[in-house]
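Notes follow the structure.
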Amino acid sequence: MLIKNARFVLTQNRKREILENVDILISNNKITKIGRKLQKNDDCIINADKKIIIPGLINSHTHSPMILFRGISNGRNLHEWLNKDIIPAEKKLNKEKVYYGALLSTLEKISTGTTTFNDMYSYNKVIIKAINKSGMRAVLGCGLKDENNPEKTVKELKKTKRLLKNIKTNKGLITPALSLHWTLTCSDKLISCLIEINEDKLPVHMHVAETVLEVKKNIKMYGKRPIERLNQLGILNENFIGAHCVHLSDKEIKILAKTKSKVVHVPTANMKLADGVCPVTKLLKEGVCLALGSDSAAANDNLNMFEEMKIASLLQKISTGKASVMDPQTTFDLATINASKTLKMNKLGSLEEGKIADLVFIDKNDITINPILSKSGLLSNLIYSFDGRVSDVIVNGKFLLKDYKFTTLNKEKIIEKIGDLL
Ligand SMILES: [Zn+2]
């Protein structure tokens with residue numbers, strides 16, 4: 001495939017170059033050349049002179065099927081939200097509902113420019129089926145929790161081994177993660193066993209330090225704050241991905257930096273559930289690799305990473321009292337190049353020769369991105385004004401969205417089916 005005359009290409013390369021009027025040559029699933037006047041002898045030539053091209057966005061913390069709970073709970077803090085509304089709703093799920101819920105979430109992600117996501121939930125077999133049908137790229141884990149019950153510990157570890165087998169045999173673009181549900185639902189034993197089985201150094205994804213109550217309970221149960229406890233257990237290293245990390249002491253921030261652990265900032269859900277504000281600027285100052293996630297649509301309530309970037313930036317400005325923090329470039333890095341490092345997918349996150357062809361096109365004449373007065377103005381508009389409706393999405397060298405239409409999924413059928421099921 002040859003993409004001709006792209007009006008702007010936000011490369012996210014080392015120099016963060018924004019190129020103008022260039023061609024991108026894609027062979028199989030890779031970007032093989034970026035330059036001017038490139039030639040190709042076949043029909044697959046895409047004119048992009050009215051397009052802005054960015055790397056596919058990466059949503060580093062999601063629970064796809066929970067889109068089925070969108071709008072069911074408002075006005076509750078996290079613990080109430082979970083216990084009074086979400087857990088009872090989850091008891092009514094079945095494989096078919098989860099499958100269609102996962103499909104709906106891929107529709108929303110694709111239509112707003114996400115190409116890769118890091119997901120944690122149960123019912124993994126049907127989620128794998130849904131993701132593969134969509135053609136998206138994902139990292140998938142199954143949110144282990146043993147609630148300090150030794151019998152459950154053994155069961156959960158067996159579940160992980162089954163998931164790893166299922167993912168290894170899948171023919172799509174899914175790679176496995178080891179996911180631990182939360183510091184309050186995972187025993188020391190479960191965490192220690194997970195370290196032992198992680199011979200392949202897979203990403204370890206976990207909810208950490210989301211609320212004040214969680215920190216207090218960790219201190220009561222284990223005599224330590226969440227990050228200090230995880231550090232003592234030996235799970236913090238370059239594989240570890242802590243979602244939320246809202247309530248951190250200065251000592252814990254230093255531990256995260258020293259162990260090269262990764263953090264996923266989840267600002268909208270933290271605001272909606274009144275968790276607090278992740279100390280993003282402090283984490284970045286200490287050199288922690290930080291990515292961005294939407295969390296589930298039950299807590300957000302959408303999966304639009306452009307909106308997530310805007311909120312991430314504005315939240316740091318208001319909470320630190322400094323308008324200069326979290327500028328557009330820093331914010332864009334969270335959803336692209338930092339996320340690729342976080343998920344250990346170094347061939348994603350930027351548009352460069354040799355990288356995998358996950359690209360997103362935005363209509364240059366979209367109302368919400370105009371006027372474009374300069375290159376830096378373009379990036380600013382992308383973060384603060386664009387509504388997220390992208391025109392085309394390419395994953396692994398193939399179109400999943402072409403001229404605003406899905407190529408792999410039937411939107412009407414999926415939405416109708418969900419209406420029938422719920
Ligand atoms: Zn979550």
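Just so you know, these numbers come straight off a predicted model, no measurement behind them. Counting convention: from 1, in listed order, for ligands and their atoms alike.
Vertex the Zn ion (ligand 1); arms to His61 atom NE2 and His63 atom NE2; angle 100° (nearest 10°).
Ring centers of His265 and His61: at least 6.0 Å apart, outside the cut-off. Not less than 6.0 angstrom separates the ring centroid of His181 from the ring centroid of His63. For an aromatic pair to be called close, the ring centres must be under 6.0 Å apart, and His79 with Trp182 satisfies this.
Of all the N, O or S atoms in Asp295, the one closest to the Zn ion (ligand 1) is OD1.
Note on His244: not counted as a metal contact of the Zn ion (ligand 1), no N/O/S atom lying under 2.8 Å.
Considering Lys258, Arg225, Arg229 in turn, Arg225 is the only one that fulfils the salt bridge (Lys or Arg N to Asp or Glu O under 4.0 Å) rule with Glu252.
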